[in-house]
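Accompanying notes for the structure given below.
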Amino acid sequence: MSEARVLKILEGVKDPDLGSSIVAMGMIKDIVIDGATLSLTCELTTPACPVKAQIESDIRSRIAAEMPEIQTVNLNMTGKVRGASIPTNSDAINLLPQIKHIVAVGAGKGGVGKSTCALNLALALKRL
């Protein structure tokens with residue numbers, strides 16, 4: 001039993017949405033083999049991954065089929081949250097030098113009062 005063997009076995013597990021191997025995409029991390037226990041992390045592309053359960057099931061099935069000596073699989077399913085990218089050129093950074101904070105107001109559809117809410121929020125913050 002080795003980390004390389006685990007990765008080789010999991011190469012066949014594909015992200016159903018992206019169609020690529022979870023190993024090739026670097027989603028498998030922190031592999032630890034302790035006797036008959038295998039611990040690993042699968043770092044999904046997003047915490048709200050719609051195919052999380054399927055990927056988890058595929059990983060467990062592959063391990064059970066290919067590594068019968070493993071009795072316990074501790075699988076940590078996580079999601080990688082990417083932060084906002086910071087512009088590198090000085091022009092982009094200084095677009096709004098007088099602005100210190102931004103409050104975003106959004107909704108999934110139109111006609112729900114986004115503009116009214118944004119205006120009221122701006123006026124209330126100005127009074128503060």
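Worth saying up front: this structure is predicted, and the values here are computed from it rather than measured.
- Taken together through direct or relayed side-chain contacts under 4.5 Å among Ile, Leu, Val, Met, Phe, Trp and Tyr, Met25 and Ile55 form part of one hydrophobic cluster.
- In this structure the side chain of Pro50 reaches within 4.5 angstrom of the side chain of Asp17, judged on heavy atoms.
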Evaluate side chain to side chain contact (heavy atoms under 4.5 Å, CB included) for Ile59 paired with Ile22, printing each intermediate quantity in order. CA-CA 10 Å; Ile59 291 171; Ile22 61 173; 3.8 Å; yes
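- No more than 12 heavy atoms of other residues, nucleotides or ligands sit less than 6.0 Å from atom NZ of Lys52.
- Listed for the Ser21 side chain is a donor-acceptor partner under 3.5 Å among the backbone atoms of Val23.
- For Lys8, the NZ atom counts as loosely surrounded, since its 6.0 Å shell holds 12 or fewer non-hydrogen atoms of other residues, nucleotides or ligands.
- With rounding to the nearest 0.5 angstrom, the CZ atom of Arg5 is 12.5 Å from the CD1 atom of Ile31.
- Side-chain contact between Asn76 and Cys42: absent, with no pair of heavy atoms (C-beta onward) separated by less than 4.5 Å.
- Placement of Leu119 and Val105 in two distinct hydrophobic clusters is found when ILVMFWY residues are connected by side-chain heavy-atom separations under 4.5 Å, directly or transitively.
- Tested against Leu40, the residues Leu7, Val32, Ile63, Leu10 include a single side-chain contact (heavy atoms from CB on, under 4.5 Å) partner, Leu10.
- Note: Leu38 CG to Gln71 CD = 12.0 Å, rounded to the nearest 0.5 Å.
- In this structure, Leu128 is a member of the same hydrophobic cluster as Leu121, with clusters built from ILVMFWY side-chain heavy atoms closer than 4.5 Å.
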Checking Leu44 against Met77 for the side chain to side chain contact (heavy atoms under 4.5 Å, CB included) test, could you report, in this order, the C-alpha distance in whole Å, the side-chain angles of both residues, the deciding distance, and whether it holds? CA-CA 7 Å; Leu44 303 167; Met77 300 292 287; 4.1 Å; yes
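- Checked by atom type and distance alone, the side chain of Thr37 never pairs as donor or acceptor with a backbone atom of Thr72 at under 3.5 Å.
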